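Computed over heavy atoms, backbone and side chain alike; hydrogens, waters and symmetry mates excluded. Proteins get letters first, then strands, A, B, ... in listed order; numbering begins at 1 in each. No experiment lies behind these values; they were computed from the predicted model shown.
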There are 2 protein chains.
Amino acid sequence: MVTFEEISPADFFYRNRDIAGFTNPVRAIFSALRELVENALDATDLSGVPSEVYIRLSHDNDTELGDDVYRLRIGDNGCGIPARHIPSAFGQVLFGSKYKLKQARGTFGLGGTMAILYGQITTHKPVNIVSSTGTSRIYKYALMIDIQRNRPLILDRTIQINKEQWHGTFIEFSLEGDYSRAMPKILEYLKQTALVTPYANITFVDPKGRLYKFTRVTTKTPPPPKETLPHPYGVDVETMQRLQRITDCQTMPDFMQKHFHRVGETISLSFLDFAGFIRTSDPKNLKGEDISRLVKAIKKNKKKGKNGFSHNLSVKEMQHFIRNTQSGNLVDFMKTHFKGVEKSVILRLLHAAGFIRTKAPRKLRSDEIVKLVRMMKKFDGFLPPDASCLSPLGEDLLKVGILKELKPEYIVVSQRKPSTYSGHPFIVETAIAYGGDIPAKDDILIYRFANRIPLLYDEASDICVKVIRSMNWRRYKVSPSMPIVILVHICSTKVPYKTVGKEFIADRPEVKKEVLNGLREVARQLQHFLTKKEYVARERRR
Amino acid sequence: MVTFEEISPADFFYRNRDIAGFTNPVRAIFSALRELVENALDATDLSGVPSEVYIRLSHDNDTELGDDVYRLRIGDNGCGIPARHIPSAFGQVLFGSKYKLKQARGTFGLGGTMAILYGQITTHKPVNIVSSTGTSRIYKYALMIDIQRNRPLILDRTIQINKEQWHGTFIEFSLEGDYSRAMPKILEYLKQTALVTPYANITFVDPKGRLYKFTRVTTKTPPPPKETLPHPYGVDVETMQRLQRITDCQTMPDFMQKHFHRVGETISLSFLDFAGFIRTSDPKNLKGEDISRLVKAIKKNKKKGKNGFSHNLSVKEMQHFIRNTQSGNLVDFMKTHFKGVEKSVILRLLHAAGFIRTKAPRKLRSDEIVKLVRMMKKFDGFLPPDASCLSPLGEDLLKVGILKELKPEYIVVSQRKPSTYSGHPFIVETAIAYGGDIPAKDDILIYRFANRIPLLYDEASDICVKVIRSMNWRRYKVSPSMPIVILVHICSTKVPYKTVGKEFIADRPEVKKEVLNGLREVARQLQHFLTKKEYVARERRR
Ligand SMILES: Nc1ncnc2c1ncn2[C@@H]1O[C@H](COP(=O)(O)OP(=O)(O)OP(=O)(O)O)[C@@H](O)[C@H]1O
Ligand SMILES: Nc1ncnc2c1ncn2[C@@H]1O[C@H](COP(=O)(O)OP(=O)(O)OP(=O)(O)O)[C@@H](O)[C@H]1O
Ligand SMILES: [Mg+2]
Ligand SMILES: [Mg+2]
């Protein structure tokens with residue numbers, strides 16, 4: 001007797017919470033903390049003021065529950081959450097503000113909710129949330145999650161006056177955990193977070209009351225990323241259909257320019273022509289007024305520069321061309337009779353003069369949409385993505401952070417140019433820190449970051465570590481027993497995480513290539529330094 | 001301007017399809033095939049007749065689409081799908097029949113739907129499904145998926161008479177792929193599937209028209225797994241609350257016995273007593289008829305065996321004990337006055353005689369539920385899970401399959417006793433095949449299986465491979481250049497997959513221990529064989 005059921009996304013991640021990083025009490029207390037810290041830092045990055053993040057982990061005083069239950073409280077001075085969205089932000093999985101083409105730590109819309117869900121299933125206590133976006137009100141909620149329905153349950157809500165125009169968010173809840181065994185990972189996470197966020201003040205009070213303070217060493221924050229449009233190379237039929245449903249564009253060139261990244265008029269017309277979506281009249285069907293309009297447009301274009309038309313044309317001459325032409329459409333006609341003129345110029349001229357006809361985007365049939373998408377992948381005239389949607393750390397900030405946390409003798413950093421994988425832009429930054437306070441261990445230390453999040457698990461599966469292990473470090477004069485930290489930071493609108501728990505990065509050839517080249521750059525510079533150092537040491541010995 | 005949105009689970013897995021194993025056209029064509037083959041084999045296992053699975057991958061003749069588009073057709077003689085569920089089974093993510101505590105290849109409720117979703121976003125064509133559960137009708141559907149709403153779109157539905165009482169399912173759809181690069185993995189997958197499913201006929205026709213036939217070598221199928229109840233050690237507050245909502249049990253002992261695995265009357269009473277949920281009257285408050293009932297129950301128990309009460313008791317004697325007792329409740333009273341009698345016997349007696357009172361399960365407050373769950377984790381009197389919900393291959397079937405596919409000179413297999421992790425039962429089976437047709441490569445070949453699914457990706461991250469690499473094989477006389485295949489099969493009600501794409505198994509200490517011990521058993525036997533072989537070879541040379 002086979003019975004069928006559907007489950008909610010909260011139920012799915014409840015049953016498979018190890019897939020989201022909540023495997024056992026040691027791992028869960030780490031995951032809960034990191035998810036909330038990442039939310040706090042995303043929010044403070046948006047607020048434009050230097051980040052303040054406060055974390056308090058204490059034993060839950062409720063002795064009924066046993067001594068492996070903690071109270072986690074985290075607060076930030078970030079942008080806050082609008083009152084009407086607070087319950088869903090924390091009480092619903094697959095709800096959030098980061099489903100955009102813009103770099104952020106958060107991406108799945110479930111991290112914060114999973115932390116609270118884990119707390120709820122181990123202690124059955126509600127979460128308390130206080131938030132304000134800087135308006136005249138501060139909102140306080142007590143929530144639980146209805147896991148089977150993936151909905152928040154609001155137990156209490158109070159409003160108070162926001163006298164100081166405060167903006168930020170405080171979250172407090174109980175959860176089962178094992179801090180003593182999670183502690184090394186938690187402290188390492190905070191230390192590495194402080195390294196890549198040197199403009200943030202991070203304060204952590206642990207269950208024994210010990211205070212860890214990571215103080216900012218700069219108030220300079222990296223320029224914030226801007227939301228971007230999808231890149232043509234990353235589009236599939238589903239994305240295209242969704243755009244078709246919501247667009248108010250009446251023509252295909254408008255549609256291409258309005259909805260895709262770095263598509264201007266010229267590129268949109270060249271592409272649509274390549275893809276076969278441009279229609280123009282048969283020249284022989286042009287009326288008198290059309291022909292004069294065409295001649296006028298050509299005259300106007302002649303003034304515009306050397307790619308334009310090379311001689312003056314009269315209406316009579318044009319009529320003569322038209323009577324004798326073999327071309328069946330205007331684009332072909334213009335290309336044949338003005339051989340020196342580039343096709344893109346012809347298209348732009350015809351478009352400006354109103355001779356280009358395309359189907360209305362909303363009227364495209366589904367086979368036409370499929371053809372459009374396939375052609376978008378084939379057309380090589382699209383510009384590569386610019387990186388305005390990304391916000392790399394930058395060499396200064398990276399150096400400042402490394403200096404503060406590691407105090408090395410020597411630092412070298414490198415930032416690669418933007419690249420893409422599957423239409424998603426990304427930038428790789430690499431750094432090597434040597435000597436100073438860095439301890440010499442029996443293997444080089446590797447720090448991995450993605451969108452400014454430290455990755456601390458599953459090192460062996462991560463593409464950056466695989467690249468590092470595949471390099472021959474001895475040719476750069478590096479031996480594994482040297483006091484060295486290698487750092488890799490990948491930022492992207494879509495970090496190719498292999499897992500929902502954001503543990504490690506998948507093996508994407510484009511990403512692998514950039515990581516390898518970035519590491520070679522800093523390795524070469526380290527080699528210079530080590531060679532010089534060795535030389536100076538030899539000179540001294542004589 | 002921060003804007004919030006919610007997305008459907010289909011939208012989530014569409015945006016993050018690499019997390020579900022649909023990374024690129026090479027990987028996607030593999031994943032689509034494997035998801036559908038696993039569905040077919042789950043269905044044929046349920047039908048009770050030896051499995052027939054037919055797979056046809058051909059170039060889609062629709063030349064508009066280009067030559068990297070395929071048509072995938074797969075059919076089975078399995079249990080079929082009831083008509084009303086066909087649309088949701090394939091058009092909705094997080095819908096299925098395998099959300100039970102019973103071993104199956106499927107577990108997430110999204111694999112088949114993801115394959116069809118991938119086909120749809122790359123070709124925009126509908127999927128055709130034909131299915132019958134052996135009733136008088138066969139149902140045909142043409143479907144597409146509304147990804148944003150996670151709902152099927154039924155384009156067409158026809159019904160025909162099922163003259164031959166056929167049961168099974170046929171699925172056909174188009175998808176972009178790269179068969180030439182996916183072929184090695186696809187063929188390896190089918191070969192390894194045939195190895196662990198030696199009772200199945202699997203036929204595969206590839207785009208070049210080549211026929212691959214994996215013919216069954218036995219009609220003996222392993223005994224099917226039975227659905228089981230949750231084990232007390234795996235329970236949290238959420239599970240407890242869901243049981244509380246649906247139960248019709250009026251007492252706690254009934255509740256414990258009805259809803260939990262291997263909890264009988266004695267264990268339920270001992271546990272509830274340990275947890276503090278048993279209430280009995282103060283002996284001094286017992287009325288005359290209660291005392292006689294108690295004495296009668298004790299007399300009855302005396303006959304039952306040596307753990308019973310050792311002497312005959314009269315009502316007068318009982319009244320005398322009661323008048324002089326210090327005990328405030330009956331359990332304590334009985335324990336004090338009948339020192340030789342085990343507490344579990346006392347509890348059972350009092351329960352049978354109606355002296356045990358518990359709260360009605362539906363009336364438990366949430367703090368009581370929390371306490372109950374914590375106590376369940378602490379109580380050490382629960383029986384370990386039995387393995388009726390599991391269906392390991394068994395040594396015979398494993399040998400038959402290995403012989404058929406690998407044709408080795410020597411096989412050794414081992415099946416470990418059932419074990420658990422986090423309340424989920426699992427069994428590890430290991431095998432080593434040596435020599436014969438096995439090619440000698442520069443490293444031992446490792447075949448990994450979970451619930452009879454071959455795992456072919458991310459070997460380095462898998463716990464079984466980590467265990468194999470950590471063992472010192474030379475002490476078993478094994479060198480890496482020998483012609484050896486090591487096989488590990490883990491079956492469980494919940495395989496600890498690290499990823500939604502079921503690529504590799506997470507590092508769970510209980511599982512790691514079982515895999516290590518299972519491998520040591522077969523390694524030792526291989527060592528005997530190799531030693532004897534070496535001895536015989538030496539003898540021959542004299
Ligand atoms: N401290 C905070 N300040 C402001 N907004 C927050 C804060 N924490 C959560 N949010 C809001 O709640 C939403 C949901 O958070 P959640 O962590 O569940 O998902 P996410 O951060 O979007 O993605 P991910 O699952 O990758 O973390 C966020 O998108 C954000 O809008
Ligand atoms: N060939 C088939 N025969 C019978 N039932 C099927 C078949 N294919 C799919 N189903 C039904 O459709 C449901 C959904 O299948 P789907 O592959 O999406 O999820 P699943 O198999 O339950 O889990 P998983 O995501 O782990 O594969 C199954 O649970 C099963 O009931
Ligand atoms: Mg988050
Ligand atoms: Mg499936």
Side-chain angles (χ1 to χ4, degrees), chain A residues 2-9 11-12 14-16 18-19 23-24 46 64-66 79 81-82 85 88-89 92 94-97 99-100 107-109 120-124 133 147-148 236-239 241-242 366-367 369-371 374 422 458 460-461 494 496-500 503 506 508, chain B residues 2-9 11-12 14-16 18-19 23-24 46 64-66 79 81-82 85 88-89 92 94-97 99-100 107-109 120-124 133 147-148 236-239 241-242 366-367 369-371 374 422 458 460-461 494 496-500 503 506 508:
Chain A
V2 181
T3 58
F4 290 76
E5 52 180 311
E6 73 178 34
I7 62 172
S8 78
D11 206 348
F12 176 81
Y14 159 62
R15 293 163 188 248
N16 299 296
D18 41 346
I19 281 189
T23 320
N24 53 49
L46 284 178
E64 282 245 359
L65 288 169
C79 57
I81 306 164
H85 292 311
S88 297
Q92 184 176 336
L94 304 189
F95 179 93
S97 58
Y99 289 128
K100 308 182 173 13
T107 171
F108 297 130
Q120 174 173 317
I121 63 174
T122 53
T123 68
H124 199 55
T133 54
I147 297 176
Q148 284 182 300
D236 56 39
V237 175
E238 173 72 15
T239 310
Q241 283 192 305
R242 291 184 193 187
S366 60
D367 61 292
I369 290 184
V370 174
K371 182 177 177 203
R374 294 193 73 80
S422 303
D458 294 312
S461 317
K494 183 172 187 292
Y497 293 117
K498 189 90 183 187
T499 59
V500 174
E503 281 124 341
R508 293 301 182 103
Chain B
V2 181
T3 57
F4 290 76
E5 53 181 311
E6 71 179 35
I7 62 171
S8 78
D11 207 347
F12 176 80
Y14 159 63
R15 293 164 189 246
N16 298 295
D18 41 349
I19 282 189
T23 319
N24 54 49
L46 283 179
E64 281 243 0
L65 286 171
C79 56
I81 306 165
H85 291 311
S88 297
Q92 184 176 336
L94 303 189
F95 180 93
S97 59
Y99 289 128
K100 309 180 177 1
T107 172
F108 296 132
Q120 176 172 317
I121 63 174
T122 53
T123 68
H124 199 53
T133 53
I147 298 177
Q148 283 182 300
D236 56 39
V237 174
E238 174 71 16
T239 312
Q241 282 191 305
R242 291 183 192 187
S366 60
D367 62 292
I369 290 185
V370 174
K371 181 176 177 205
R374 295 192 72 81
S422 304
D458 293 309
S461 318
K494 184 172 190 291
Y497 293 116
K498 188 91 182 185
T499 58
V500 174
E503 281 124 340
R508 292 302 181 102

### Task
Answer whether the closest heavy-atom distance between the side chains of A:D11 and B:Y99 falls below 4.5 Å.
no

### Message
Are the side chains of B:D18 and A:R508 in contact, using a 4.5 Å heavy-atom criterion?
### Response
yes

### Query
Between atom CD of A:E238 and atom CD1 of B:I147, what is the distance when rounded to the nearest 0.5 Å?
3.5 Å

### Query
What is the distance from atom CD1 of A:I7 to atom CZ of B:F95, rounded to the nearest 0.5 Å?
11.5 Å

### Message
When you compare the side chain of A:T3 with that of B:K100, does any pair of heavy atoms fall below 4.5 Å?
### Response
yes

### Message
For a 4.5 angstrom cut-off between non-hydrogen side-chain atoms, does B:Y14 reach A:D236?
### Response
yes

### Close side-chain approach of A:T122 to B:V237, heavy-atom, < 4.5 Å
no

### Task
Taking the side chain as every heavy atom from C-beta outward, state whether B:R15 and A:F108 have any pair of such atoms under 4.5 Å apart.
no

### Query
Among A:T23, A:I369, A:L46, which residue forms the greatest number of heavy-atom pairs with chain B at distances under 4.5 Å?
A:T23

### Query
Of all of A:Q148, A:Q92, A:Q120, which one pairs up most often with chain B through heavy atoms under 4.5 Å apart?
A:Q148

### Query
Counting only N and O atoms by type, is there a donor-acceptor contact under 3.5 Å from the side chain of A:K494 to the main-chain atoms of B:N16?
no

### Test item: B:D458 and A:K498 side chains (from C-beta on) under 4.5 Å apart, heavy atoms
yes

### Message
Do A:T123 and B:V370 have side chains that approach each other closer than 4.5 Å (heavy atoms only, starting at C-beta)?
### Response
no

### Query
Using non-hydrogen atoms only, which part of B:T239 is less than 4.5 Å away from chain A: side chain, backbone, both, or neither?
both

### Query
Where is the tightest heavy-atom contact between A:V2 and B:S97, given as atom of each residue plus distance?
CG1-CB, 3.4 Å

### Query
If you count heavy-atom pairs under 4.5 Å between each of A:R242, A:E503, A:Q241 and chain B, which one has the most?
A:R242

### Most contacts with chain A, counted as non-hydrogen pairs under 4.5 angstrom, among B:P82, B:G96, B:P9
B:G96

